[in-house]
Structures are given as C-alpha cells and as structure tokens.
Amino acid sequence: MEYITAQEVADKWNITRRRVQILCVNGRIGGAIKMANLWLIPKNAEKPADGRLLRYKNRG
C-alpha cells in the first residue's frame, strides 16, 4: 500500500494540515498510521464528511 503525508493530503483535499491531523487522531481516515511525529495516510483514502456542526443554520 502506498502512503502519502498529511501535507500532501491537505493539498489534495484543499484543507489545512492540522485538520488532516485532527481527522487522523479521531480515527476518521481509515488506514492512517503515525510513525514518530508523521502521519502516513493511504494514497487512495477518501475525504470524510465534515462532521462539525454549524451553530446557526437558518438565522434569518
């Protein structure tokens, strides 16, 4: 299996590297492994749905 770094995934998914790291810590990216201080993510991993809630959905 081929792996890519959190920064490469962040560029691919158009999100920040920190957000990718948070997704890895929470187990939202399947197959992600941590080696030393580097997250390795399978090259074919799919971006999980954004589970964060909006505080005010229809405010107007």
Side-chain angles (χ1 to χ4, degrees):
M1 182 177 285
E2 291 186 45
Y3 291 95
I4 55 179
T5 65
Q7 184 61 55
E8 292 170 324
V9 171
D11 294 339
K12 180 179 173 183
W13 292 347
N14 198 28
I15 58 177
T16 64
R17 184 185 69 198
R18 181 64 184 140
R19 183 71 186 139
V20 173
Q21 292 170 343
I22 291 169
L23 291 171
C24 290
V25 167
N26 292 334
R28 304 268 319 273
I29 300 177
I33 56 174
K34 188 169 186 179
M35 296 190 73
N37 64 346
L38 181 70
W39 280 101
L40 298 175
I41 300 151
K43 194 171 189 173
N44 60 350
E46 293 188 24
K47 181 179 178 182
D50 191 349
R52 298 173 293 176
L53 299 175
L54 293 177
R55 181 172 280 179
Y56 304 102
K57 247 184 171 177
N58 292 324
R59 224 185 152 194

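- In the hydrophobic clustering (ILVMFWY side chains linked at under 4.5 Å, chained through shared members), W39 is joined by V25.
- For K47, the side-chain contact (heavy atoms from CB on, under 4.5 Å) partners are W13, I15, not counting sequence neighbours.
- More than 12 heavy atoms of other residues, nucleotides or ligands sit less than 6.0 Å from atom CG of N26.
- Under the rule for a side chain to side chain donor-acceptor pair (under 3.5 Å), the partners of T5 that lie at least two apart in sequence or sit in another chain are E8.
- Other members of the hydrophobic cluster containing M35, listed by chain and number, are M1, Y3, I33, L38, L40; membership follows side-chain contacts under 4.5 Å among ILVMFWY residues, whether direct or relayed.
- Residues satisfying the salt bridge (Lys or Arg N to Asp or Glu O under 4.0 Å) criterion with K12, sequence neighbours excluded, are absent altogether.
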List the atom pairs, donor and acceptor, that lie under 3.5 Å between side-chain atoms in residues 17-24 and the rest of the protein, sequence neighbours left out.
from, atom 1, to, atom 2, distance (Å)
R18, NH1, Q21, OE1, 3.4

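- R28 places a side-chain N or O within donor-acceptor distance of the main-chain N or O of A49, the cut-off being under 3.5 Å.
- Contacts of E2 classified as salt bridge (Lys or Arg N to Asp or Glu O under 4.0 Å), with partners at least two apart in sequence or in another chain: K43.
- Across all non-hydrogen atoms, the minimal contact from P42 to G30 is CG-O, 3.6 Å.
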